[in-house]
Amino acid sequence: MEIKYKKNGSNVMVQIHGELDEYSAVKAKTIIPQIINDNLYCNSFIFDLSGLTFMDSTGIGLLIGRYKKLKQNGIQAYISGASIAAGKVVVLAGIYKIMPKC
Amino acid sequence: MSLNNKMQLKFLSISKNEAFARNVVGCFVLQLNPSLAELADIKTAVSDAVTNCIVHGYGQTIGEIILEAEISDSTVHIKVLDQGVGISDLSVAMEPFYTTRPDEERSGMGFTIMQSFMDNVSVKSALGKGTEVCMKKNIGEKKEGA
């Protein structure tokens, strides 16, 4: 599982590639919070899941945890690119209600 | 064509085995020609069941998880067993978003995912006696070539 990110003005896009489960979430829970802390000035964060080949409920916990941190700092969070691997899990958990699709 | 086949896998409750377990079952059900969506459903449900064993069943200890799968006609029956701490109140544990570890950013959606992605889920558990999760899914015929 790899995490990349890029900035576009006041928007940050975090791309998660590979498989996101309990094992790989340990790494994600170290890297993504650091990206957020380094970019607290931004207006929005987009979690690009198009590179995910697998995600289970661990990913939901991770996304909700990041959403809470972003919300505390007045930053809007979005989800993009959730396909077969992650899309159904994201829909089931109602994530789009708090992190809209973009 | 109806097939009857079964497998059993026994492995340690370490996190890196989540991928191993779900991919073993994923490979096993390929003989039923599942769609990509069906395959993703099964692998996700297995991954969550196994993760429950590792995180909740055994916690800080290491134990054994048994994964069984059986194919009967076009249905795959999957069983995930552990000899961990067990669940005191199943109905509460299976509620969406319920988790005993909210401080660890756990979604509490594991059982909900299993129930939504599989056709049927049944759980047996008792404190100190481990947990057994049984789930099954009927796989459709392959829709199109390639």
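Letters A, B, ... mirror the listed sequences (proteins, then strands); counts begin at 1. Treat the numbers as computed from the prediction; the structure is a model and nothing was measured.
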Please flag which part of Val55(B) lies under 4.5 Å from any non-hydrogen atom of chain A: side chain, backbone, both or neither.
side chain
So, taking the atom named CD1 in Ile113(B) and the one named CD1 in Ile60(A), what distance separates them when rounded to the nearest 0.5 Å?
6.0 Å
Contacting moiety of Ala19(B), where chain A heavy atoms sit under 4.5 Å
both
With a 4.5 Å cut-off on side-chain heavy-atom distances among I, L, V, M, F, W and Y, is there a chain of contacts connecting Val24(B) to Val76(B)?
yes
According to a 4.5 Å side-chain heavy-atom criterion applied to Ile, Leu, Val, Met, Phe, Trp and Tyr, with indirect links allowed, do Ile46(A) and Ile36(A) form part of one hydrophobic cluster?
no
Assigning hydrophobic clusters by single linkage (Ile, Leu, Val, Met, Phe, Trp, Tyr; side-chain heavy-atom cutoff under 4.5 Å), is Met94(B) placed with Leu81(B)?
no
Within one Ile-Leu-Val-Met-Phe-Trp-Tyr cluster: Ile16(A) and Phe54(A), side-chain cutoff 4.5 Å
no
Flag yes if Met118(B) and Ile84(A) sit in one hydrophobic cluster, no otherwise; membership is Ile, Leu, Val, Met, Phe, Trp, Tyr, and two members link when side-chain heavy atoms are under 4.5 Å apart.
no
More than 12 heavy atoms of other residues, nucleotides or ligands under 6.0 Å from CD of Glu64(B): is that the case?
yes
Tell me yes or no: between the side chains of Ser57(A) and Asp48(B), is some donor less than 3.5 Å from an acceptor?
yes
Select one option (side chain, backbone, both, neither) describing which atoms of Asn17(B) are under 4.5 Å from chain A's heavy atoms.
neither
For Lys27(A), does the NZ atom have more than 12 heavy-atom neighbours from other residues, nucleotides or ligands under 6.0 Å away?
yes
Donor-acceptor pair, side chain of Glu18(B) and main chain of Glu22(A), under 3.5 angstrom:
yes
CD1 of Ile95(A) to CE of Met109(B), rounded to nearest 0.5 Å, is 8.0 Å
What part of Lys29(A) lies closer than 4.5 angstrom to a heavy atom of chain B: side chain, backbone, both or neither?
side chain
Just wondering, more than 12 heavy atoms not from Leu30(B) lying within 6.0 Å of its CG?
yes
Counting only non-hydrogen atoms closer than 4.5 Å, does Ser47(B) touch chain A with its backbone (N, CA, C, O), its side chain (CB onward), both, or neither?
both
Got a salt bridge between Glu19(A) and Arg22(B), using NZ or NE/NH1/NH2 to carboxylate O under 4.0 Å?
yes
Nearest-0.5 Å distance that lies between atom NZ in Lys16(B) and atom CG in Asp21(A):
12.0 Å
From Ile14(B) CD1 over to Tyr23(A) OH, what is the distance, rounded to the nearest 0.5 angstrom?
8.5 Å
